[in-house]
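Reading through the structure tokens given below for one structure.
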Amino acid sequence: MTKKPAYLLTTDAALAQFNTSPDGLKGNQVAVRQEKFGPNSIAVGHREQWWRKYLRQFKDLMIVLLVASALLAWYLQDARTAIILVVLVSFNTLIGFFQEYRAEKTMQALEKLVTPLAQVYRDGKLEQIPSRELVPGDIVRLVEGDSVPADVRIIDELAFSTNDFALTGESDPTRKFTHVISKAVPLNNRHNLAFMGTTVATGEAKGLVVATAGDTELGRIASLSQATVQEMSPLQRELRHIATRVTYGVVILCLILLFVAMQADMALKDAFLFAVGFASSLVPQGLPAEINTSLAQAAGKLARAKALVKKLSAVETLGATHIICTDKTGTLTKNEMTVQQLYVADTVYEVTGTGYEWNGEIRAKGRPLALKQTNAFAEFFAAGALASNAKVLPPDDTHRSWYCLGDPTEGALITLARKARVDIESWQAKLPEICELTFDSARKRMTSVRQFNATTAVAYTKGAPENVLERCTHIWDGRRVQKLTDAQRRQIIAKHTEWAQDAMRNLAYARREMPLSLAKEGTIEQLETDLTFMGMVSMSDPLRDDVPAAIAAAQQAHIKINIVTGDFALTAEAIARKAGLDQVGEMTVVTGEQLDAMSDKAVLKRVLAGSTIFSRVDPEDKMRIVTLVKQAGLVVAVTGDGINDAPALKRADIGVAMGVTGTDVAKQSSEIILLDDSFNTLVRAVQYGRTIFANIKKSTLSCFTSNFAELVVNILSLIVMSLLGIPLAIGVIQILAIDLLAELFPIAALGWDKAEGETMKEAPRDPKEHIMNWRNITDLAWCGLLIGGAAFVNYLLFFGRQGVDAQTVDTTSLLYFQATTLTYVTIVVCQLANIIQRRSVRGVFTKYQLHNWHFWAAVAFSMACVLTIVYNPVVASYFKSGQLGLIDWAFAIGAAVLFLAVREAQRLLQHKRSLA
Ligand code: ATP
């Protein structure tokens, strides 16, 4: 008999079909099912086979031209040229392939760091496990912000809805229920199922896992929403764009040149090779792949520093961050809440103990309260616990002490109730929950409505003191309920203010009795009204130790920091002061209300000034702030953890989600996940982004310099050849030996360069500014002219030294080979000098040059390659090189020294001008 789909079964029948119960599976059942169904994970898309990846390297037009040249050379029986071309092409394509392969492997390894977790009931206990360990029959708990870990039949729910857009294209949240559906319906109408890969929009639910991994609806279409994306960075796009445009232009130019060269009586092969040489002197081969590797390498390093990059392009953008809008709780602070004081019935009590352990007590004026006294306030303590969903659990294999599953604020309230020796379970049993009005950061309250008896219900509300108080009409003084007077209101607010100034986070409790019918049908507005104020708790949430240093570092780097928090202004201000935000600029506090009244221009002014604390804001405000900064054309990084932060995270240039406390939705909407939720990690990531960008800039400009130099030599050769009949100064194989061999390793090794002191003291770069701007292009042209000119002069001087007429030299003679080899060597030596001087803003003579042994090893390796090409007879015969004497080397090195002298003089002049 075929099994009926779970959505056509009642909840009981579905549970029976999967041989499970609302308490979850038993340990032995889990093991058997894991064996049978395997892990609950879907392979990310279709992985390309390695040989396809390798063949893809041949899609590059330059490579196609080189292969065509090799074939032509072979056809014309010039085996040496053909072989050397094949070797160079293979070498280059292999390097491209390995770079791409490594970048992909790094990103795959990073993907594994985001382990999606699921809350599951097993043996009656709620646990948190990696989602991949789920099996059919498991009972999971789903709450707002979660990503649904498998296909799930809803068996219990409270205001539960999911975002099914990824699967059904439905853009509004879909309400999900427990009731049975009587006939087969399409996917988007199966309203008692929640699907893997979708996210929980509101409420909470308990669900039965009916399908895992490849058996889920998502598995069938096999895509993974948490997959990291390997998107091209703006710079990569720019370079690819330049490369493609240059290549097309070059192809046309080559055809013309081919025609001209043949007219000038060049052999077809030589003309073709010259055209290819011309082309390759213009195209920066391998640069996009190199940048890809640099970015992937950076992503790997960042992950080790606890910042997980989901999009490679984010690494590049990170470095341009102008503004950070950070939240407070959990990012600047540890999110380790401990209630330290209470205010009940006009009296302040202290609470001892730290963390989630119960070994503390309630004290009045330093003396512990007797059990009788705490019992008098039992309902107060219970109220906090009853209006909380978190679980406080004892130490286990992975936790050394008591720990909290869920919201730490709620964990602190439960711990407080335990310290007061309140039996929470018996309160839960006595007052079963009818519904919960979930917390949202706009209302800043949450309420648990519970059945008291057959006709009455009682609701417990907790939330931000002002937001609770505005709903209160009465106050409980420990014995009686009285009307809340204005004087009492002022007193409560005064206490709230006093505590907040001490960086404490405060929460008020209230209660209300109501008819059962209202409790069942009333709206939030109707239920959270006419409340009775019960008291207030004050909890500490210590500042993270490394935050002050991080704030100072960010400030030094001209990055403006603003705090955008849901918390009370004074609490946020006190924390900001502790963090040292007032040391780096004038601190301003803007409350949510003030923000509403401010014009866009005024808000932007505040954000750009930095050190502004936006307090008591809701997610819409956060979105407004981000949008304004983006419109101003600046790069903004925004942190967030909740489902409501998702739009702002998406809108920001760099959305930064909290890895530990963040919801799945926030993580999915971000480019970066902070694995330790720490602000310091974010600042370090920005610093690293800058370094990586500086290195990529060095690589790019270095690479183009030799291209320009080769171009200059080629053009000079062509002019001199047509006017005076002097043969070409450099052969195509030699040009390729510069681009594909000599400069490759030192340029790649620039990726290991550390940040230069200046990098973190400069203002962030303008994100709209391109590396290939006019200033840099003219600088490149100038360097190209210097190097190319020097190489060409060396070529001509060589004939002079030998007393040979360059116009009549035999192009198959050793002398000609030596002359072209000198052109080649001059360009290589000058190019190495160029790379060295581009490494540091302080030029050549700085200690910075000594670090990064990879670089110097690469330079040594390059020189070894050059010496092999010049002096190894076998290799030399392939490259058509002739051995050089000491005097020739003196000319080559002399050119490099001259080049460096000009560059240093230029740099000093510029420095002087900037000081003037
Ligand atoms: P940040 O935005 O910096 O992370 P936050 O956590 O204080 O700060 P919200 O989560 O929006 O921001 O909380 C706003 C206010 O709502 C808090 O100051 C607190 O008074 C109250 N609050 C926070 N969590 C709860 C909760 N679980 N139940 C009821 N009230 C809460």
Side-chain angles (χ1 to χ4, degrees), residues 143-145 204 324-337 339 383-391 404 406-414 436-448 459-471 493 496 499-500 503-510 524 528 531 536-541 543-544 547 561-576 579 591-592 613-622 625 638-645 648-649 656-658 660-663 666 674 677-679:
V143 294
E144 192 178 290
E204 78 171 83
I324 297 179
C325 291
T326 174
D327 54 358
K328 175 186 73 74
T329 311
T331 315
L332 298 178
T333 65
K334 294 184 179 165
N335 207 5
E336 286 168 11
M337 309 280 177
V339 175
L386 290 174
S388 293
N389 287 314
K391 296 262 174 300
C404 169
D407 184 348
T409 301
E410 298 188 345
L413 304 183
I414 294 169
E436 180 189 303
L437 314 176
T438 37
F439 173 78
D440 73 61
S441 29
R443 249 166 65 247
K444 297 185 175 53
R445 291 185 293 263
M446 75 89 80
T447 298
S448 171
Y460 294 106
T461 302
K462 70 177 193 326
E466 323 88 276
N467 297 54
V468 171
L469 215 51
E470 72 184 14
R471 295 274 153 176
I493 291 297
H496 171 35
W499 280 345
M504 302 300 273
R505 179 177 163 92
N506 308 324
L507 238 68
Y509 294 177
I524 293 184
E528 282 180 352
L531 306 182
M536 193 163 63
V537 300
S538 155
M539 52 186 90
S540 65
D541 178 14
L543 187 75
R544 284 174 184 269
V547 165
I561 298 166
N562 299 291
I563 301 177
V564 184
T565 175
D567 213 341
F568 189 51
L570 292 175
T571 311
E573 195 184 346
I575 285 287
T591 63
I613 302 164
F614 295 95
S615 70
R616 285 286 190 242
V617 295
D618 51 35
E620 282 76 37
D621 297 326
K622 207 170 188 171
I625 293 169
V638 173
T639 64
D641 50 9
I643 184 167
N644 294 334
D645 291 328
L649 291 174
V656 184
M658 301 299 131
V660 185
T661 52
T663 54
L674 298 181
D677 289 11
S678 157
F679 180 74

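In listed order, ligands and their atoms are each counted from 1.
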Quiz prompt | Results of ring-ring contact (aromatic ring centres under 6.0 Å, His included) for Tyr460 - residues two or more places apart only | solution = none
Self-check item: Ion pair Arg445/Glu470, N-O distance below 4.0 Å
Solution: yes
Exercise. Compare all side-chain heavy atoms of Leu437 with those of Met446 and state whether any distance is below 4.5 angstrom.
Key: no
Quiz prompt | Test side chain to side chain donor-acceptor pair (under 3.5 Å) applied to Asp541 - qualifying residues, sequence neighbours left out | solution = Thr333
Quiz prompt | Counterpart residues, side chain to side chain donor-acceptor pair (under 3.5 Å), relative to Glu436 (two or more places apart) | solution = Asn389
Quiz item: Can a donor-acceptor pair be found between the side chains of Arg471 and Thr461 at a distance below 3.5 Å?
Solution: no
Quiz item: Contact residues of ligand 1 with a heavy-atom cut-off of under 4.0 Å?
Solution: Asp327, Lys328, Thr329, Asp407, Glu410, Phe439, Ser441, Lys444, Met446, Lys462, Gly463, Ala464, Arg505, Asn506, Leu507, Thr565, Gly566, Asp567, Arg616
